[in-house]
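Chain letters run A, B, ... following the sequence lines, proteins first and then strands; every chain starts at 1.
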2 protein chains.
Amino acid sequence: MSSSRATLIQVAERAGVSLASTSRALHGTGASKKMVDRVRAAAAELGYSPDAIGRSLRLKRTFQVAFAVADIGNPVYVEMLTAIHEVLAPHGYRVVVMSTGPTVASTTDLVRSLSSGFVDGLIVSPLRTDDALVEAIRQAPVPVVVIGRSLEQQGIDSVSTDSAAGLGQAVAHLVEIGRRRLGFVNGPLDTTPGAARQRGFDAATSAPGFAGDHAETERAEDFTVAAGLAAARRLLSRRPAAGPFDAVVAANDLLAIGVIRAARELGLSVPGTLAVTGMDDTEIGRVFQPSLTSVSLGSAERGTAAARLVLDRVDDVAEPARQIAIGPRLFVRESTSQEESAR
Amino acid sequence: MSSSRATLIQVAERAGVSLASTSRALHGTGASKKMVDRVRAAAAELGYSPDAIGRSLRLKRTFQVAFAVADIGNPVYVEMLTAIHEVLAPHGYRVVVMSTGPTVASTTDLVRSLSSGFVDGLIVSPLRTDDALVEAIRQAPVPVVVIGRSLEQQGIDSVSTDSAAGLGQAVAHLVEIGRRRLGFVNGPLDTTPGAARQRGFDAATSAPGFAGDHAETERAEDFTVAAGLAAARRLLSRRPAAGPFDAVVAANDLLAIGVIRAARELGLSVPGTLAVTGMDDTEIGRVFQPSLTSVSLGSAERGTAAARLVLDRVDDVAEPARQIAIGPRLFVRESTSQEESAR
DNA sequence: ATGAAAGCGCTAACAT
DNA sequence: ATGTTAGCGCTTTCAT
């Protein structure tokens, strides 16, 4: 750790020119070649590097964008973060990771804290949403992009996906491979994804064309492996009149892994006796044994889209709110394949 | 998004008092109750919230700490990030995530960029280290804490772990459960962890007390599942004179998962025919099937320790460099247990 | 093309 | 206890 750093004034003195010329020379805006050389040399001698804070104060820009999520441990958010970073870094933006906590109130507080002005924009993926949060977002002093639910109506930029339709794809696939008695392990219903996925499952299994014999939901406390394991134990211990479950749809990959572990405990082979699908198409699901059939909701694409929206918004504040939708897409893997290689 | 925000001057005008009194009243330092009430009221009316940039410029503190890693997708770093966040957030610090890229040069650049002064400290976990990086860290204008290799000699705060010893624990365990022909799937040797783990494996398998019959290394391109799969295919296709491998030590959990997938391809049961150990004790390893025997290097603890070091350093710059070591610890799970429940 | 000077929002030293 | 004022490092208008 060295002593305090050189300022622009010191560079100016060293070069024997004015402060203004020094600034201009370093930015290459309207300065003679001679001036530029002279100033550059002085800056190099002093090991000068511009101060981000002074610059921000003057420009009223911090070159920082925050990404706020409930749980950075969830692989979905990590994927989004990586994608966001890739879009923003080339534009000179740093990404600040913030933890919201699971409640709406804590998320709302965080959005309100933006008024301290340490970021130029925010990308937030709230697990739960209410009117207060929506209002806080509208009042926010910097652009906010929401990943999760469409809030175009409310005049908020958002990137959404149709997880209900995604659930339909999973159900359709299971029926197509001959499964008839479906269980659904969902997360908490009061969360945005939980509610959407429940709607999707209910719609798919109550549609006129549904060829299955039975459909039943069990709710996990949380979108985690442990909660999925517990929920699956409860679900699989029940014996529907139509016969034992031959497939379980899980609301995300972590829950699906919990389901598979529960199946193994009960001596049910996957996918032989029990086919299992996940959602989010995570790396962990892809490398799991058996690898997980999963509905991709385009985590990386959503991150990319959100980052682009923020970038646009930072430049042009006036445009009307935009909404970008990323379609779900099913990837079939071992956990629903009849011809899985023997263990 | 509302219009521009109220400043302290505006609050002062509204309250009809001086700027200084306003600042003091809001901080509760030496102001009468009357003054405090008056100012608070004015602030509330205007919806005032302090500007982080103005404050930073004056205090020469940003209340930000950066965490720089090569690959935020690696679960180890996510665990560290979570731990760092938990320590720093209560102290009012935000955490900025930065991506270094895999090379030393890019990491060195990043450390040098600190001179722009947008953070009060840096926690960095470099995959590779060289003299230039060490020098850049010493020259850095803010405290830097290194997670990975002990750099106490160089006067740099660091949090290390003894992964070589950890490898010894894995080898000892395998020998103890009767395995005699060990393969080692390591990552790149020119990385800090790769080199340390190689030393650990070599030391453990060439020690006088080593009861095994054979020990051989195969190097993966990278510390990932895909690289582990490829390396394991190469390793397992070889037939040592002493007989086929009955155990593989992997340099981390991701590689171990790759090894298990390769074993399955080749029809080798794990742990029956082939016992496999990982390292890092990640969530993904714990929920994998079979769950992974793994050497914990205390990712969360290292993150916590690093965050505390930065915090101390921000307050007191003068203290001599400190080095904190977190001991490795073996967790035995299904991938090396003889009595694994049948699939 | 160059220089002088204002001012971004805040805190703290100094004066009253 | 309260007010006045300087100044953190930078960019940019304005004048030359």
Atom CZ of B:F223 and atom CG of B:D71: how far apart are they, to the nearest 0.5 Å? 12.0 Å

Quick one: CZ on B:R55 to CG on A:L57, what's the gap to the nearest 0.5 Å?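 One gets 14.0 Å once the value is rounded to the nearest 0.5 Å.
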
End-to-end axis angle, where each axis spans five pairs of the helix from C:dA1-D:dT16 to C:dT16-D:dA1, to 10°: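 About 40°, once rounded to a multiple of 10°.
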
Answer whether the closest heavy-atom distance between the side chains of [X] and [Y] falls below 4.5 Å.
X      : Y      : answer
B:R308 : B:T304 : yes
B:Y93  : B:V310 : no
A:L127 : A:T192 : no

Would you call the rings of A:F67 and A:Y77 parallel, tilted or perpendicular, taking 30° and 60° as the class edges?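 Judged by the thresholds at 30° and 60°, the geometry between A:F67 and A:Y77 is perpendicular.
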
Identify the two heavy atoms, one from A:A70 and one from A:S99, that lie closest to each other, and give their separation to 0.1 Å.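 Taking A:A70 first and A:S99 second, the nearest heavy atoms are O-OG, 4.0 Å.
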
Please report the shortest heavy-atom distance between A:V95 and A:L81, naming the atom on each side.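 The answer is CG1-CD1, 3.8 Å.
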
Kindly state which residues belonging to residues 30-40 of chain B come within less than 4.0 angstrom of DNA chain C, counting heavy atoms of the residue only, listed by number.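 Correct list: empty, so none.
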
Letter by letter from the 5' end, nucleotides 5-12 of chain C scores (B base, S sugar-phosphate only, - none; protein heavy atoms under 4.0 Å) -BBBBBBB

Checking B:S106 side chain against B:T103 main chain: does a donor-acceptor pair fall under 3.5 Å?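 Yes; judged by distance alone, with no hydrogens or angles, the pair exists.
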
Other residues, nucleotides and ligands only: do more than 12 of their heavy atoms fall within 6.0 Å of CZ on A:R40? no

